[in-house]
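Below: one structure, written as structure tokens.
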Amino acid sequence: MAGTGLFAEILDGDVYKYYADGEWKKSSSAKTVAIINPTTRKTQYKVQVKLLMVLKIACTQEEVNKVMESAKTAQKSWAKTPLWKRAELLHKAAAILKEHKAPIAECLVKEIAKPAKDAVTEVVRSGDLVSYTAEEGVRILGEGKFLVSDSFPGNERTKYCLTSKIPLGVILAIPPFNYPVNLAVSKIAPALIAGNSLVLKPPTQGAVSALHMVHCFHLAGFPKGIISCVTGKGSEIGDFLTMHPGVNCISFTGGDTGIAISKKAGMVPLQMELGGKDACIVLEDADLDLVAANIIKGGFSYSGQRCTAVKVVLVMESVADVLVDKVKAKIAKLTVGPPEDDCDITPVVSESSANFIEGLVKDAKEKGATFCQEYKRDGNLIWPLLLDNVRPDMRIAWEEPFGPVLPVIRINSIEEGIHHCNASNFVHATLQGCVFTKDVNKAILISDAMETGTVQINSAPARGPDHFPFQGLKDSGIGSQGVTNSINMMTKIKSTVINLPTPSYTMG
Ligand code: G3H
């Protein structure tokens with residue numbers, strides 16, 4: 001069970017500690033932040049059971065300073081630790097993580113209302129990601145380049161240049177609430193294999209899951225200071241962390257906060273992924289059963305709270321009626337309820353998210369969208385809703401609900417679909433998209449025309465497998481993720497040039 005047994009060390013009464021210098025510590029701030037269970041929000045104050053009302057410590061700026069200092073010191077010797085040893089520790093952490101998938105998944109269920117099976121999948125996927133990163137790191141960090149000077153005009157063969165990849169220093173990782181374990185390890189593992197130290201600032205909802213995950217790295221035996229986890233509200237310690245002079249690189253996944261971070265961060269490399277209004281373009285020749293299945297998977301898994309969720313369907317008018325009927329029939333079969341029961345649709349993460357989604361729904365109603373189901377909400381639980389005949393004047397045509405509400409826009413040409421996809425006024429339109437057609441040539445032309453980081457042909461958008469490059473265009477992100485890209489991003493090239501004496505050969 002979460003917070004007990006092996007994990008008891010991370011708790012002090014009902015208060016979760018933070019992790020620094022290889023130890024679980026209680027903050028001197030004595031300040032705590034409540035984490036509200038999205039499902040039981042109405043009764044939480046009466047229930048004293050752990051994880052129904054979880055508290056975590058909010059770190060002080062002084063504590064953050066100490067964490068940065070010890071991360072900086074520890075990194076120096078970590079960078080000198082042989083690569084194979086770094087990989088070995090990561091493999092160990094991955095195994096511990098997978099072994100303890102149940103208590104960590106339990107946290108995900110209680111904290112972010114992730115359906116029970118998906119919660120377990122997230123932890124297992126995270127273990128696999130850590131192991132894969134260790135192996136990939138051994139491969140790509142073990143290689144360098146060798147250049148000779150006489151390949152450039154005017155030079156003799158008097159210089160040998162050896163290049164290798166070196167760590168950046170201290171990496172600050174800020175993952176989002178929807179994958180507090182997986183999107184944390186997707187930053188932690190590349191940072192550590194590359195010889196960096198890492199400071200994790202978990203999301204408030206998801207912090208307890210992240211702390212349990214960090215404990216697995218602690219149990220694996222990483223040296224003190226190599227990994228730290230500081231908790232507190234982003235609004236209170238966020239700026240202090242992201243503008244901290246001790247930070248050498250920031251890897252962030254989340255919403256608009258990323259734009260603010262990119263403006264405030266110093267001269268450090270940034271890796272950012274800020275969401276997507278991922279479009280699904282459906283052509284007349286598409287396999288509509290396949291499309292409907294992918295709209296359900298892509299639009300409604302984890303109640304639409306994924307940056308890669310299908311967030312707008314752009315379907316050719318001639319097949320729209322049939323497609324909408326097929327999707328409606330599938331929506332009717334979705335189970336709605338608590339994550340513990342492994343329902344398909346579970347409560348969204350917070351009341352403010354539910355209110356935001358409701359605002360989009362009301363706006364669509366006022367402007368004449370066709371409701372394929374009745375709009376229903378109970379607390380944070382919103383029933384799945386397909387909105388047909390959505391027009392560009394409706395907010396839902398452009399904004400990300402991050403909930404189980406999906407707009408359908410009927411189009412009369414491919415160009416119209418591409419235009420909508422590319423014309424978004426909102427910054428997030430450019431992460432992923434998908435196109436359904438049996439004509440691969442057309443699909444590739446459409447992929448080329450869509451201004452998104454990835455286009456999936458005949459499948460819903462998705463980040464995984466986790467070694468695939470993953471990136472948004474325009475304001476949707478900076479840099480590219482995926483295991484290999486993340487390792488490379490968290491390193492710098494170092495050159496050592498061996499200067500040889502000028503050759504004293506004679507020609508001819
Ligand atoms: O929410 C953003 C995630 O990167 C999406 O990942 O496609 O595996 O659900 P996913």
Side-chain angles (χ1 to χ4, degrees), residues 105 108 111-115 117-130 132-133 173-190 202-203 205-206 209-210 251-258 271-280 294-311 339 344-346 348-350 353 357 399-404 406 427-434 452-457 459-473 475-483 485-486 489:
L108 292 168
E111 254 191 315
I112 59 162
K114 187 159 273 199
K117 271 193 203 139
D118 293 351
V120 173
T121 304
E122 174 170 347
V123 184
V124 174
R125 172 182 179 181
S126 302
D128 290 340
L129 194 157
V130 173
Y132 186 96
T133 306
I174 310 179
F177 82 84
N178 61 349
Y179 283 98
V181 174
N182 183 263
L183 280 169
V185 301
S186 76
K187 303 171 191 313
I188 294 170
Q205 299 289 141
S209 314
S251 177
F252 172 90
T253 306
D256 290 347
T257 316
Q271 183 184 47
M272 300 227 155
E273 193 267 280
L274 313 184
K277 180 78 183 171
D278 313 82
C280 169
N294 274 278
I295 285 177
I296 295 296
K297 184 177 83 166
F300 296 99
S301 57
Y302 188 35
S303 307
Q305 298 174 105
R306 296 163 54 240
C307 56
T308 49
V310 170
K311 300 212 181 81
D344 299 312
I345 304 296
T346 55
V348 295
V349 71
S350 65
S353 297
I357 297 163
E399 294 182 48
E400 265 190 275
F402 233 66
L406 183 60
V427 294
H428 297 155
T430 50
L431 183 68
Q432 285 213 1
C434 58
T452 61
T454 302
V455 173
Q456 304 268 352
I457 297 174
S459 188
R463 173 167 47 108
D466 291 332
H467 63 312
F468 279 14
F470 178 57
Q471 56 283 313
L473 298 189
D475 282 353
S476 188
I478 299 177
S480 179
Q481 298 175 70
V483 170
N485 286 342
S486 293
M489 187 265 165

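All heavy atoms count here, side chains included; hydrogens, waters and symmetry mates do not. In each ligand, atom 1 is the first atom listed, and ligand 1 is the first ligand listed. Given the structure is predicted, the values throughout are model-derived calculations rather than measurements.
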## Note on the structure
heavy-atom search around atom 9 (O) of ligand 1 in the protein gives Tyr179 OH, 2.4 Å

### atom 4 (O) of ligand 1: nearest protein contact (heavy atom, Å)
Arg463 NE, 2.7 Å

### Summary
If we number the atoms of ligand 1 from 1 as shown, the ones under 4.0 Å from a heavy atom of Arg306 are 1 (O), 7 (O), 9 (O), 10 (P)

### Query
Going by heavy atoms, is Gln432 under 4.0 Å from ligand 1?
no

### Message
Can you report which non-hydrogen protein atom sits closest to atom 7 (O) of ligand 1, along with the distance?
### Response
Thr308 OG1, 2.6 Å

### Message
So, 4.0 Å and heavy atoms of Phe470: is ligand 1 close enough to count as a contact?
### Response
yes

### Message
I need the atoms of ligand 1 closer than 4.0 Å to a non-hydrogen atom of Arg125, numbered in the order shown.
### Response
8 (O)

## Note on the structure
atom 2 (C) of ligand 1 sits nearest the protein heavy atom Cys307 SG, 2.1 Å

### Asn294 side chain vs Ala460 backbone, donor-acceptor pair below 3.5 Å
yes

### Message
Check contact between Glu273 and ligand 1, using heavy atoms of the residue and a distance below 4.0 angstrom.
### Response
yes

### Task
Look up atom CG in Asn178 and atom CG in Asp118, then write down how far apart they are to the nearest 0.5 Å.
12.0 Å

#### Entry: Side-chain heavy-atom pair Val349, Phe402 within 4.5 angstrom cut-off
no

#### Entry: Enumerated ligand 1 atoms positioned under 4.0 Å from heavy atoms of Ala462
7 (O)

### Message
Just to be sure I'm reading this right: ignoring hydrogens, which of Leu274, Asp466, Asn178 gets closest to atom 1 (O) of ligand 1? Compare them by their nearest heavy atoms.
### Response
Asn178

### Query
Quick one: CZ on Phe177 to OG on Ser350, what's the gap to the nearest 0.5 Å?
7.5 Å

### Query
At what distance, to the nearest 0.5 angstrom, does CD of Gln271 lie from NZ of Lys187?
5.5 Å

### Query
Roughly how far, to the nearest 0.5 Å, is the CD atom of Gln432 from the CG atom of Leu473?
10.5 Å

### Task
Can you measure from NZ (Lys311) to CG (Leu431) and round to the nearest 0.5 angstrom?
7.5 Å

